[in-house]
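Below: the structure, in structure tokens.
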Amino acid sequence: MSNTTGMANLNLTGDDGTVPTEDEVNPWEVHASSATGVDYDKLIKRFGSSPIDSALLSKFETALGQPPHFLLRRGIVFSHRDMDQILALHSQGKPFFLYTGRGPSSEAMHMGHVIPFLFTKWLQEAFNVPLVIQMTDDEKFLWKDISLETARSYTTENAKHNRPRLRPERTFIFSDLDYIGSSPEFYRNMCRVQKAVTFNQAKGIFGFTESDCIGKISFPAIQAAPSFSSSFPQIFNSRSDIPCLIPCAIDQDPYFRMTRDVAPRIGCPKPALLHSTFFPALQGCQTKMSASDANSSVFLTDTPKAVKDKINKYAFSGGGATVEEHKKNGGNCDIDVSYQYLRFFLDDDQRLEKIRQDYSSGELLTGYLKKELIELLQAFLKSHQEKRKAVTNEVVKQFMTPRKLKFDY
Ligand code: TRP
């Protein structure tokens, strides 16, 4: 089962149909063992990352002179590795860069896919740093039943949806299929990583088996390479010592645990990480989300009417079964998908908190929450679709041309 940044497939049962006792979270599969979804506190302990606590949030505020993004404040970006070091570097006026990516698995993109890019854009502007975006069309070719040509065409279509948010003078978007063949330095870093990880280690980290094709087994070296500034000599003036910060969904952590382990052995700084939780499907945290199921999410191409119909019809409600019951017992925001979506998209903290209180007390009905969400998403998509229309292949080419960005090193 393939999955993408910011959103994973959530299942209650394992591949063999049994109910797992522990959450399963890896780049290809996310199984929640409980109906309330993944237990993120447990994941932090198991993965050995650090929680984003109030002390780190204050360091953010001090370093930036502005409050951290609401996704950080609300615990949607909930875990990190070495973020304090990045903040310290920034305070000393030292450079770092951002790296994120997307596996273009189809032309369709939904709301879950834009979250990481909204957040990354905020980081990029707040810190004023370069951003590289890896489009892993090779990964999708290896894991899915699609041709190289199809995978490459998804890269272009997906990149068009990113463009409205990003500035070309600070951003390099690249297709693995195009860039790796033309970049000796990128390939050298891949080779260094490939030599530093054994098949046994890769099996341990990623669960590969003897029957996986060898392309999959060496793919982690490709996702690791952009963590090193020397993979982009045109941007970093051939320096190999510029540290990297990777915002990603927590399911991508295995790639970067491996990268961090290898980095010192190949003479590069370890990348720092910011981890986000998963974006729920309309049907609730415990159901499976799929880009091929039009009803499991709101898509970036949906019409205002489709948004309204989908949310009214499918968004799982945490409200009471009857109005009477709801008024008596109140609604449950933890499982109410409309409320959960508002947490991801409504930037007004006070408004959100008021909605939470009034829904929990039973004063507000589910219909109100849905109406609020529908209006918010319709406005978001209207603006997105207008900007997206203006993005031609030419514009995408501009972002994807290897070049120096506006930063000097
Ligand atoms: N493997 C990711 C996916 O399937 C894509 C990806 C590549 C990525 N590099 C990344 C995601 C860095 C986050 C950060 O979507």
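These numbers come from the heavy atoms of this one structure, side chains and all, not from hydrogens, waters or symmetry mates. Each ligand, and each atom within it, is numbered from 1 in the order the structure gives.
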What are the atoms of ligand 1, with element, lying closer than 4.0 Å to any heavy atom of [X]?
X	result
Gln134	7 (C), 9 (N)
Lys140	4 (O)
Glu139	1 (N), 2 (C), 3 (C), 4 (O)
Gly101	5 (C), 6 (C), 7 (C), 8 (C), 9 (N), 10 (C), 11 (C), 12 (C), 13 (C), 14 (C)
Cys248	13 (C), 14 (C)
Arg102	5 (C), 6 (C), 15 (O)
Gly103	3 (C), 4 (O), 5 (C), 15 (O)
Ile246	14 (C)

Kindly assign one of parallel, tilted or perpendicular to the pair [X] and [Y], based on the angle between their ring planes and the thresholds 30° and 60°.
X	Y	value
Phe186	Phe232	perpendicular
Phe236	Phe97	tilted
Tyr255	Phe206	tilted
Phe208	Trp143	tilted
His275	Phe78	tilted

Report task. Step through the shown structure and confirm whether more than 12 heavy atoms of other residues, nucleotides or ligands are within 6.0 Å of CZ on Phe380. Result -> yes
Requested in this report: Please say whether the positively charged group of Arg356, taken as NZ for Lys or CZ for Arg, lies over the ring of Tyr339, i.e. under 6.0 angstrom from the six-membered ring centre and within 45 degrees of the axis.
Outcome: no
Query raised in the report: Does ligand 1 have a heavy atom under 4.0 Å from the side chain of Thr100, from its backbone, from both, or from neither?
Result: both
Query raised in the report: Taking heavy atoms and a distance under 4.0 Å, where does Trp143 meet ligand 1: side chain, backbone, both or neither?
Result: neither
Query raised in the report: Under 4.0 Å between a Lys/Arg side-chain N and an Asp/Glu carboxylate O for Asp408 and Lys404?
Result: yes
Query raised in the report: Taking distance alone, with no angle check, do Tyr255 and ligand 1 share an N/O pair under 3.5 Å?
Result: no
